[in-house]
Amino acid sequence: DQQVKQNSPSLSVQEGRISILNCDYTNSMFDYFLWYKKYPAEGPTFLISISSIKDKNEDGRFTVFLNKSAKHLSLHIVPSQPGDSAVYFCAASEMDFGNEKLTFGTGTRLTIIP
Amino acid sequence: EAQVTQNPRYLITVTGKKLTVTCSQNMNHEYMSWYRQDPGLGLRQIYYSMNVEVTDKGDVPEGYKVSRKEKRNFPLILESPSPNQTSLYFCATRGAGGLDTQYFGPGTRLTVL
């Protein structure tokens, strides 16, 4: 049972436009959410996070929005650049017997078209 | 430079032949863990360790062992690999700053024939 879902396996966006990546979750115990970026042959790297007590967090071109009532978060990238082409994973955290356990989505492959 | 290294990066082996994937970090992080990534399933945690000599099961521990004898190293051991352990494996470390300070290694692609 996939508790964190990224329903779009892939997304193509023109350079300079906005990229919006979506993520849905089902577990109401999740209290912290993260986005990771992954290039081929590399491990995921942390991009941005948001606590469940907030609805928005911004870091440069990247903004994460959280809608708790809808159990939905999204990552906005503005403006999109060719270097943003990668696979993006959303992840959600809950405390599990002292372990901050992360549950990952299946990833969305973002392609920025020059 | 903060580094998490994994070896080997690629491995093709046969069913039942014991293997070890090494993971080493230079950040003095207490928390280390192993994940596997499979198509359609995202990353799933295999084992984690909160400190030296302290290890615990993640979501998919069957068929794997780990040890944490020193802070910098966290090897993943497959005593008798099977084809369903064919996967992409990532080691990760986490600093005192919490989840935002989690670093992943470059990955090990394992194929079990």
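Chain A is the first sequence line, chain B the second, and so forth, proteins listed ahead of strands; every chain is numbered from 1. Because the structure is a prediction, the values reported are computed rather than measured.
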Same cluster (ILVMFWY, side-chain, under 4.5 Å), [X] and [Y]:
X	Y	answer
A:Ile20	A:Ile112	no
B:Val21	B:Ile46	yes
B:Tyr48	B:Val66	no
B:Val60	B:Val112	yes
A:Tyr88	A:Tyr25	yes

(message) Considering only residues two or more places apart or on different chains, which pairs with a residue in residues 14-113 of chain B satisfy disulfide (SG to SG under 2.5 Å)?
(response) B:Cys23-B:Cys91
(request) Considering only heavy atoms, give the residues of residues 39-54 of chain A separated from chain B by less than 4.5 Å, sorted numerically, with 'none' for an empty result. (result) A:Ala41, A:Glu42, A:Gly43, A:Pro44, A:Phe46, A:Ser49
Can you tell me how far the [atom1] atom of [X] sits from the [atom2] atom of [Y], to the nearest 0.5 Å?
X	Y	atom1	atom2	answer
B:Asp38	A:Thr106	CG	OG1	12.0 Å
B:Leu88	A:Lys38	CG	NZ	6.0 Å
A:Gln2	B:Leu41	CD	CG	6.5 Å

(request) Start with the C-alpha gap between A:Leu34 and B:Gln102, add the side-chain angles, then the distance that decides, and say whether side chain to side chain contact (heavy atoms under 4.5 Å, CB included) holds. (result) CA-CA 11 Å; A:Leu34 306 93; B:Gln102 178 151 287; over 6 Å; no
(message) Given 3.5 Å as the limit, does a donor-acceptor pair link the side chain of B:Arg44 with the main chain of A:Phe104, or not?
(response) no
(message) Which atoms of B:Phe90 are under 4.5 Å from chain A, going by heavy atoms: the side chain, the backbone, both sets, or neither?
(response) side chain
(request) Against chain A, label B:Arg94 side chain, backbone, both or neither, depending on which of its atoms sit under 4.5 Å from a heavy atom there. (result) side chain
(request) Mark yes when over 12 heavy atoms from residues, nucleotides or ligands other than B:Lys71 sit less than 6.0 Å from its NZ; otherwise mark no. (result) yes
(request) Give a yes or no on this: more than 12 heavy atoms of other residues, nucleotides or ligands lie within 6.0 Å of atom CZ of A:Arg109. (result) no
(message) Taking side chain to side chain contact (heavy atoms under 4.5 Å, CB included) as the criterion, tell me which of A:Thr103, A:Leu102, A:Asn99 meets it with B:Gln45.
(response) A:Asn99
(request) Report the option among B:Met50, B:Arg109, B:Gln6 that has the most heavy-atom pairs separated by less than 4.5 Å from atoms of chain A. (result) B:Met50
(request) Just give me the residue among B:Thr101, B:Asp59, B:Asp56 that pairs up with chain A most often, heavy atom to heavy atom, under 4.5 Å. (result) B:Asp59
(request) Starting from the C-alpha separation in whole Å, work towards a yes-or-no answer on side chain to side chain contact (heavy atoms under 4.5 Å, CB included) for B:Asp100 and A:Tyr32. (result) CA-CA 10 Å; B:Asp100 290 10; A:Tyr32 199 77; 2.9 Å; yes
(request) Would you sort out whether A:Phe89 and B:Gln37 count as a side chain to side chain contact (heavy atoms under 4.5 Å, CB included), showing the intermediate values? (result) CA-CA 11 Å; A:Phe89 291 96; B:Gln37 182 191 350; 3.4 Å; yes
